[in-house]
Amino acid sequence: MQLPSQLKELSDKNYLRLTEKHPEIMAWPEDLLGQLRYVLGLSDFIFDALIRDERLCREFPSIMNEPSRLYKYRERLQSELSSVSEEKAGYQLLRHYRRQEMVYIAWRDFLANWSLQESLAHLSALAEAMIFEVYDWQYQLCCQLWGTPCDSEGKAQPMLIIGMGKLGGAELNFSSDIDLIFTYPENGETQGVRKSLSNAQFFTRLGQRIIKSLDQHTADGFCYRVDMRLRPFGDSGPLVMSFSALEDYYQDQGREWERYAMVKARVMGREMYACYRQLRQMLRPFVFRRYIDFSAIQALRRMKAMIQSEVRRRGLTNNIKLGAGGIREIEFIIQSFQLIRGGREPALRRRGLSETLDAIESLGLLGADEIDHLRNAYRFLRRMENLLQAIADKQTQTLPDEPVCQMRLATALNLDSWESLLKLTEQHMGRVNQVFIHLIGEEDHASDCPVPGVYCELWNMAEHPDVVSEIVAQEFGHSEPDEIKEIICGFRSDLARKTLGPRGREVLNHLMPKVFQAIFTHPDSQFGLPRVLSFLQKIVTRTTYLELLDEYPGALKQLVKLCTASPMISEQLGRYPVLLDELLDPQHLYNPVSLENYKPELRDFLTRIPEDDMEQQMEGLRQFKQICLLRIAAADIAGALPVMKVSDHLTYLAEAIVEAVVQQAWKQLAEKYGEPTHLSQRDGTGFAVIGYGKVGGWELGYNSDLDLVFMHDCPSDVYTDGRKEIDGRQFYLRLAQRIIHIFSVRTASGILYEVDTRLRPSGASGLLVTTVEAFNEYQNQEAWTWEHQALVRTRIIYGDLTLKTAFSAVRHQVLSKVRDESGLKKEVVGMRDKMREHLSAKKAGRFMIKQDPGGITDIEFLAQYLVLRYSAEHPSLTEWSDNVRIFGSLMQSNLLEQDQARILTHAYTTLRDQIHRRNLLNLDADVKDDKLVSERESVIHAWKQWFE
């Protein structure tokens with residue numbers, strides 16, 4: 001095992017750092033130390049994993065003594081998880097376990113001392129073990145919270161987790177996503193708790209917790225990216241479905257690509273095999289036709305053409321998975337035989353690619369040379385894919401451009417040069433591509449998405465209402481064809497008043513049948529049709545956007561999906577069509593910026609704009625906000641973000657924008673006046689922005705404004721040091737005014753945020769920006785109780801350490817005052833009654849989610865009262881400014897019983913979730929009186945307990 005000199009230098013450097021931090025490594029056996037020096041030159045992932053994990057360094061020699069570990073994955077993980085009751089500890093354990101086992105697998109891959117099949121088997125068995133043991137762990141925790149899901153006979157119901165793709169075929173790659181579908185046998189309700197849930201609700205919550213356990217990024221990393229888009233209806237469908245609902249979907253609506261995906265489907269956990277046998281029997285007629293089905297060839301050809309289009313669009317070169325002759329073409333070749341002949345040949349119903357290729361060989365469906373080409377290419381490309389990903393644990397199938405990574409890959413494959421690797425790769429992929437073209441052929445890109453004639457006819461006849469009505473009724477089975485007719489014909493007639501031009505009309509005529517197909521194949525087309533056509537009316541004169549939708553079917557599909565789900569998004573896209581670019585990449589669209597990256601992403605976004613172009617800088621801030629809002633809302637609609645996470649993203653986005661606005665305003669003023677001189681001996685701006693209310697409590701909604709108070713610590717005798725000198729405090733006043741201007745000025749992309757500063761000392765009549773001393777004096781001597789309530793939900797969202805420390809001290813001291821219980825109750829209840837009287841616009845038969853009894857404001861007032869009442873005795877209550885963690889602190893201080901804290905938290909998050917949903921639908925924050933009854937009653941009960 002020799003490394004080239006350049007890699008040996010890297011290895012020596014990494015070895016020195018590693019042994020300095022973990023000297024126990026020096027006690028490893030000599031042969032293992034030699035292997036370590038070799039892999040440290042090849043894999044950053046192995047180096048990073050060892051240097052951050054002392055326990056792994058200690059235990060690694062015994063781990064490497066085992067020639068195979070896959071048979072004990074579940075047993076070991078089950079043993080460790082059995083003693084974990086807190087999710088945080090469970091997440092840490094899972095991530096440590098995954099890292100440990102992936103180091104073992106990567107180590108053996110780089111040493112090439114086992115076969116590809118052993119490597120893939122370990123990767124797949126590890127993923128299955130983690131998925132199933134997380135399911136088992138979370139199932140027990142969920143049963144404790146919500147009871148045990150049962151069928152009509154009272155028999156406990158499991159949830160089946162179906163692994164798709166490479167996971168289903170037990171051929172997972174090193175850094176693969178895991179594609180899953182969740183299902184359960186029968187509908188019913190949970191038993192064993194006072195308030196039962198339907199099985200669908202229980203399993204949805206369980207599924208969300210499983211995804212979070214595996215997918216969420218923590219300080220320890222994550223386990224797997226979980227992809228649920230292969231489930232029925234994709235992102236817009238329910239997270240979990242019953243067996244019968246699954247069967248109905250695939251029989252009535254299943255598409256060719258879903259047949260392709262379902263070939264590899266495999267249930268996770270051997271305990272579930274008996275249950276899954278029933279489901280697999282139900283689904284077999286959909287996957288494997290009883291007759292020889294050559295229609296599968298055309299479907300695969302279209303899928304391949306779409307992939308080639310994606311490769312071209314994204315500029316992917318040297319991609320060993322998606323490129324011509326790559327891994328995907330090998331998979332298509334094998335699965336074409338399965339889909340065409342699997343109904344007749346049971347041997348072709350296997351999930352793994354290698355075993356299916358063996359069956360194809362034994363049935364004589366391909367020649368011996370072609371079989372050898374495919375088998376050798378698959379082994380070579382899959383091994384290279386694993387090594388490529390194991391270098392840094394990154395999901396990539398693109399050959400590297402960096403010389404060091406090229407050298408690493410060639411060395412790991414035991415090739416003498418990068419040129420040799422490229423030549424060998426080209427040979428393998430060329431042979432595969434020849435087999436692919438021979439069997440499946442190519443499809444002309446222009447016809448990769450043919451539109452059935454009925455949609456063309458619908459557009460061509462849009463000026464004939466009676467024909468449109470007949471098509472809608474007969475072809476689509478709509479119960480209200482006249483309503484649909486009015487929308488389509490109205491859209492067509494409105495176009496006559498638009499100035500489109502010949503190119504615009506040509507593109508529109510080509511696009512509209514595709515639009516109709518995308519709309520009417522969606523289950524909620526009655527909502528999507530008016531919203532999508534209204535959107536098109538707004539952009540129809542801008543041919544570039546029409547061409548984008550015409551060229552990229554995926555973007556059109558996302559447009560229909562999002563507009564159908566949310567009129568808010570439909571209106572946002574109509575106002576800012578530049579956001580259409582975001583629809584091109586669904587993977588990007590449905591994955592918002594990670595919380596910690598909003599600030600650096602915004603900084604990167606703004607660096608593309610000249611720093612001195614303030615108008616464009618302000619426009620850039622608004623565009624960044626709109627892009628992020630779209631991605632957050634899309635992930636919300638897809639079910640990828642629970643309500644708490646939606647608010648987290650909206651809050652972190654707002655904080656990033658506040659920081660950027662302060663910096664823009666500071667730059668503008670500093671250029672004119674210089675900076676206050678008291679800053680010369682310290683870092684920072686001497687300025688802070690305090691967030692109140694929703695931004696202070698990490699609870700922003702889609703339409704929330706920002707309640708802000710500005711603070712500085714500038715002494716009274718300080719001036720600025722610029723050419724135009726002004727009083728330091730005057731500087732900070734102008735800074736605050738400039739900040740508000742940047743937020744509120746209307747550009748082409750609208751305003752940034754509505755900013756409310758009325759919560760500052762003395763309200764609207766007080767100074768716009770206050771000193772720490774004045775704020776402290778006001779809070780202690782003049783502030784009303786309701787202002788102390790508001791102080792509960794505050795925190796610094798921008799500011800240097802000096803001001804953060806000073807504000808935190810004032811806040812803690814004020815909240816911790818000893819208060820008369822009866823007087824406090826009277827003032828809190830009085831303020832609540834006054835708010836209800838002025839703000840609750842009661843509608844007959846409706847529950848106003850915020851202001852009515854049992855609503856969100858009651859919960860907030862209760863949390864604020866308890867903090868003000870008990871912080872003198874329990875100082876830890878002042879730590880948090882959000883209601884959920886306040887209830888947690890009250891529970892830990894034994895001021896709230898665990899059940900009541902849980903019930904209030906559940907009620908609060910449920911009510912907030914309802915408001916989020918209604919925001920997305922552009923609806924008011926009220927629901928029918930018969931909704932949310934249990935949540936309201938629990939809040940009213942708590943209110944009476946504490947105040948009456």
Side-chain angles (χ1 to χ4, degrees), residues 598-626 628 653-691 695 706 708-757 760 767-772 774 796-804 806-807:
Y598 277 106
K599 290 180 181 179
E601 288 266 352
L602 177 54
R603 282 195 290 270
D604 290 347
F605 190 87
L606 293 176
T607 55
R608 308 169 200 164
I609 303 168
E611 205 173 287
D612 56 352
D613 190 339
M614 288 302 167
E615 188 174 330
Q616 283 304 309
Q617 285 277 327
M618 288 195 291
E619 182 71 6
L621 284 170
R622 285 150 178 77
Q623 288 182 3
F624 181 80
K625 181 194 173 186
Q626 298 298 346
C628 292
L653 169 61
E655 287 184 25
I657 289 173
V658 166
E659 179 181 282
V661 168
V662 173
Q663 289 171 351
Q664 281 191 16
W666 185 274
K667 183 176 185 297
Q668 292 174 39
L669 263 71
E671 285 177 356
K672 189 172 184 180
Y673 304 113
E675 297 184 352
T677 55
H678 76 295
L679 301 176
S680 60
Q681 302 302 317
R682 60 186 266 193
D683 293 328
T685 59
F687 181 77
V689 181
I690 304 166
V695 69
L706 300 183
L708 304 179
V709 169
F710 304 117
M711 180 182 286
H712 68 80
D713 60 0
C714 182
S716 59
D717 58 350
V718 164
Y719 287 82
T720 59
D721 59 5
R723 285 174 298 175
K724 189 174 180 181
E725 179 186 278
I726 61 170
D727 175 84
R729 294 190 173 186
Q730 185 69 16
F731 176 91
Y732 284 111
L733 173 61
R734 294 186 184 185
L735 176 66
Q737 291 169 336
R738 187 66 195 168
I739 288 167
I740 293 172
H741 171 75
I742 293 173
F743 272 115
S744 57
V745 69
R746 188 171 294 278
T747 73
S749 295
I751 66 168
L752 198 48
Y753 283 98
E754 294 280 1
V755 173
D756 190 338
T757 61
R760 66 187 186 267
L767 290 172
L768 186 58
V769 59
T770 183
T771 64
V772 177
I796 293 270
I797 61 174
Y798 171 86
D800 56 32
L801 184 60
T802 304
L803 276 166
K804 284 183 179 178
F807 171 75

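To the nearest 0.5 Å, the span separating NE2 on His741 from CE on Met618 amounts to 5.0 Å. If you take CD on Gln737 and OH on Tyr732, they are separated by 15.0 Å, rounding to the nearest 0.5 Å. Atoms CD and CD1, on Gln664 and Ile657 in that order, are 10.5 Å from each other to the nearest 0.5 Å. Atom CG of Asp683 is separated from atom CG of Leu801 by 10.0 Å, given to the nearest 0.5 angstrom. In this structure, Gln616 CD and Leu606 CG are separated by 11.0 Å, a value rounded to the nearest 0.5 Å. The distance from atom CG of Leu653 to atom NZ of Lys599, rounded to the nearest 0.5 Å, is 11.5 Å.
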(request) Could you please spell out the steps behind the side-chain contact (heavy atoms from CB on, under 4.5 Å) verdict for Tyr798 and Thr685? (result) CA-CA 10 Å; Tyr798 171 86; Thr685 59; 3.5 Å; yes

(message) Working note: Asp613 + Glu615, criterion side-chain contact (heavy atoms from CB on, under 4.5 Å); need CA distance, chi angles, decisive distance, verdict.
(response) CA-CA 6 Å; Asp613 190 339; Glu615 188 174 330; 3.8 Å; yes

(request) Go through Thr757 and Leu768 one step at a time and tell me if the side-chain contact (heavy atoms from CB on, under 4.5 Å) criterion holds. (result) CA-CA 8 Å; Thr757 61; Leu768 186 58; 3.8 Å; yes

(request) Step by step, work out the side-chain contact (heavy atoms from CB on, under 4.5 Å) result for Leu602 and Leu621. (result) CA-CA 8 Å; Leu602 177 54; Leu621 284 170; 4.1 Å; yes

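Judged by distance alone, the side chain of Lys804 and the main-chain N or O of Ile796 form no donor-acceptor pair under 3.5 Å. In terms of modelled atom types and a separation under 3.5 Å, the side chain of Thr720 and the main chain of Ile726 share a donor-acceptor contact. Checked by atom type and distance alone, the side chain of Arg760 never pairs as donor or acceptor with a backbone atom of Phe710 at under 3.5 Å. In this structure, the side chain of Asp800 engages the main chain of Leu803 through a donor-acceptor pair within 3.5 Å.
Around CZ of Phe605, the count of heavy atoms belonging to other residues, nucleotides or ligands within 6.0 Å exceeds 12.
No side-chain heavy atom of Leu767 sits under 4.5 Å from any side-chain heavy atom of Arg729. Val695 is not listed as a side-chain neighbour of Val658, based on a closest heavy-atom distance of 4.5 Å or more. Contact annotation: the side chain of Arg738 never approaches that of Trp666 to less than 4.5 Å [non-hydrogen atoms, C-beta and beyond]. Taking the side chain as every heavy atom from C-beta outward, Gln668 and Arg734 never approach each other to under 4.5 Å. Between Ile740 and Leu708 there is no side-chain heavy-atom pair separated by less than 4.5 Å. Counting only heavy atoms from C-beta outward, the side chains of Val769 and Leu735 never approach each other to under 4.5 Å.
The minimum heavy-atom distance between Glu671 and Lys667, with the atom names listed, is OE2-NZ, 2.6 Å. Nearest heavy atom pair, residue Phe731 against residue Ala670, reads CE1-N, 4.3 Å. Across all non-hydrogen atoms, the minimal contact from Arg622 to Ile742 is NH2-O, 2.5 Å. Residues Val718 and Pro676 come closest through the heavy atom pair CG1-CB, 4.0 Å. Of all the heavy atoms in Leu706 and Ala654, the pair that sits closest is CD2-CB, 4.1 Å. Heavy atoms only, all atoms of each residue included: Ile739 and Ala665 are closest at CG1-CB, 3.7 Å.
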